Amino acid sequence: MTYTYETNGAAIYKQSFAMIRAEADLAAFAADEEQIAVRMIHAAGLVGLEQHIRFSPGFAVSARGALEAGAPILCDARMVSEGVTRTRLSAHNEVICTLHHDDVRAMAAEMQNTRSAAALELWRPHLAGALVAIGNAPTALFHLLNMLQDPDCPRPAAIIGCPVGFVGAVESKDALWADQPVPCCIVQGRLGGSAITVAAINAVASRAE
Ligand SMILES: C/C1=C2N=C(/C=C3N=C(/C(C)=C4\N[C@@](C)([C@@H]5N=C1[C@](C)(CCC(=O)O)[C@H]5CC(=O)O)[C@@](C)(CC(=O)O)[C@@H]4CCC(=O)O)[C@@](C)(CC(=O)O)[C@@H]\3CCC(=O)O)C(C)(C)[C@@H]/2CCC(=O)O
């Protein structure tokens, strides 16, 4: 028996987004936030995620403005950086993940922290005005918040803070939401992850769909 299924990629996306808009409760979002939330739900395959997505005032405008101005995208994990659709980046933004830099293992040992946290020390020259995307490591988000407590640390334009998991994920996102050092987007609770985070970046980089 031969299976029959939808083979047109654009049609699959269109149908998915229509199903999400029919099933999810998106009333709380402004139009520019709704587009981002729909793509995050799409990546998770989870209607109901919208109840956990939070945008601080000005997030969508700041994040989109940063990309349009050519700012880099700083990612905690390669699973995030590799997922960014380069053709959406009209300003040919640099996508940076420092986690696998040769120096990071020694830096982590010196700092007595994870490689994910240590890798953020290499973000400093790129941080000013950047779009930050943390989709995996709670320790990276905590370390970023600590870095930003120093007034001399350059400030990103916006932060997508969606680490996933059981140890530190809830707490790091709650800390970001409480501090709000710059406009931010989080998924409250244990949910999050690289795919949801990449979807948020790709939505920010997209025109309305
Ligand atoms: C404790 C860690 C957690 N990792 C999670 C989930 C996933 N991680 C994957 C992979 C392939 C990677 N995770 C590392 C970032 C690695 N993960 C950690 C650390 C030990 C500490 C981070 C932290 O607690 O903040 C971290 C290593 C470090 O020293 O920083 C990774 C670098 C490990 C490695 O390959 O060496 C690697 C990322 C590689 C890259 O993309 O560049 C998973 C795919 C798990 C797997 O391999 O089975 C998965 C992906 C989830 C996602 O959507 O991103 C958690 C659950 C986030 C967890 C932290 C919280 C917890 O409750 O444990």
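Note that this is a predicted model, so its numbers are computed, not measured. Every number for a ligand or one of its atoms is a count from 1 in the order of the listing. Worth knowing before you read on, the calculation uses all heavy atoms, side chains too, and leaves out hydrogens, waters and symmetry mates.
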Open item on the list: Considering only residues two or more places apart or on different chains, which pairs with a residue in residues 141-164 satisfy side chain to side chain donor-acceptor pair (under 3.5 Å)?
Closed with: Glu121-His143

Kindly print each ligand 1 N/O atom paired with any protein N/O atom under 3.5 angstrom away, one pair per line, or none if nothing qualifies.
{"residue": "ligand 1", "atom": "8 (N)", "partner": "Asn136", "partner atom": "ND2", "Å": "3.1"}
{"residue": "ligand 1", "atom": "25 (O)", "partner": "Pro138", "partner atom": "N", "Å": "3.2"}
{"residue": "ligand 1", "atom": "25 (O)", "partner": "Thr139", "partner atom": "N", "Å": "2.8"}
{"residue": "ligand 1", "atom": "25 (O)", "partner": "Thr139", "partner atom": "OG1", "Å": "2.6"}
{"residue": "ligand 1", "atom": "29 (O)", "partner": "Arg115", "partner atom": "N", "Å": "2.9"}
{"residue": "ligand 1", "atom": "30 (O)", "partner": "Arg115", "partner atom": "N", "Å": "3.3"}
{"residue": "ligand 1", "atom": "30 (O)", "partner": "Ser116", "partner atom": "N", "Å": "2.7"}
{"residue": "ligand 1", "atom": "30 (O)", "partner": "Ser116", "partner atom": "OG", "Å": "2.5"}
{"residue": "ligand 1", "atom": "36 (O)", "partner": "Arg115", "partner atom": "NH2", "Å": "2.4"}
{"residue": "ligand 1", "atom": "41 (O)", "partner": "Arg78", "partner atom": "N", "Å": "2.9"}
{"residue": "ligand 1", "atom": "41 (O)", "partner": "Met79", "partner atom": "N", "Å": "2.8"}
{"residue": "ligand 1", "atom": "42 (O)", "partner": "Arg78", "partner atom": "N", "Å": "2.7"}
{"residue": "ligand 1", "atom": "42 (O)", "partner": "His100", "partner atom": "NE2", "Å": "2.7"}
{"residue": "ligand 1", "atom": "53 (O)", "partner": "Ser194", "partner atom": "N", "Å": "2.8"}
{"residue": "ligand 1", "atom": "54 (O)", "partner": "Asn136", "partner atom": "ND2", "Å": "3.0"}
{"residue": "ligand 1", "atom": "54 (O)", "partner": "Ser194", "partner atom": "N", "Å": "3.2"}
{"residue": "ligand 1", "atom": "54 (O)", "partner": "Ser194", "partner atom": "OG", "Å": "2.4"}
{"residue": "ligand 1", "atom": "62 (O)", "partner": "Phe166", "partner atom": "N", "Å": "2.5"}
{"residue": "ligand 1", "atom": "62 (O)", "partner": "Val167", "partner atom": "N", "Å": "2.7"}

- [ ] Return the minimal non-hydrogen interatomic distance between Asp76 and Ala137, and the atom names on each side.
- [x] OD2-N, 2.8 Å

Open item on the list: I'd like to check the ring-ring contact (aromatic ring centres under 6.0 Å, His included) partners of Phe55; sequence neighbours left out, ordered by chain and number.
Closed with: Phe29, Phe59

- [ ] Inspect the surroundings of CE in Met19 and state if more than 12 heavy atoms from other residues, nucleotides or ligands are less than 6.0 Å away.
- [x] no

Task: Residues that Ala60 engages under side-chain contact (heavy atoms from CB on, under 4.5 Å), provided they are two or more places apart - done: Asp32, Ile36

- [ ] Have a look at Ile134 and tell me which of Cys75, Pro163, Cys162 forms a side chain to side chain contact (heavy atoms under 4.5 Å, CB included) with it.
- [x] Pro163

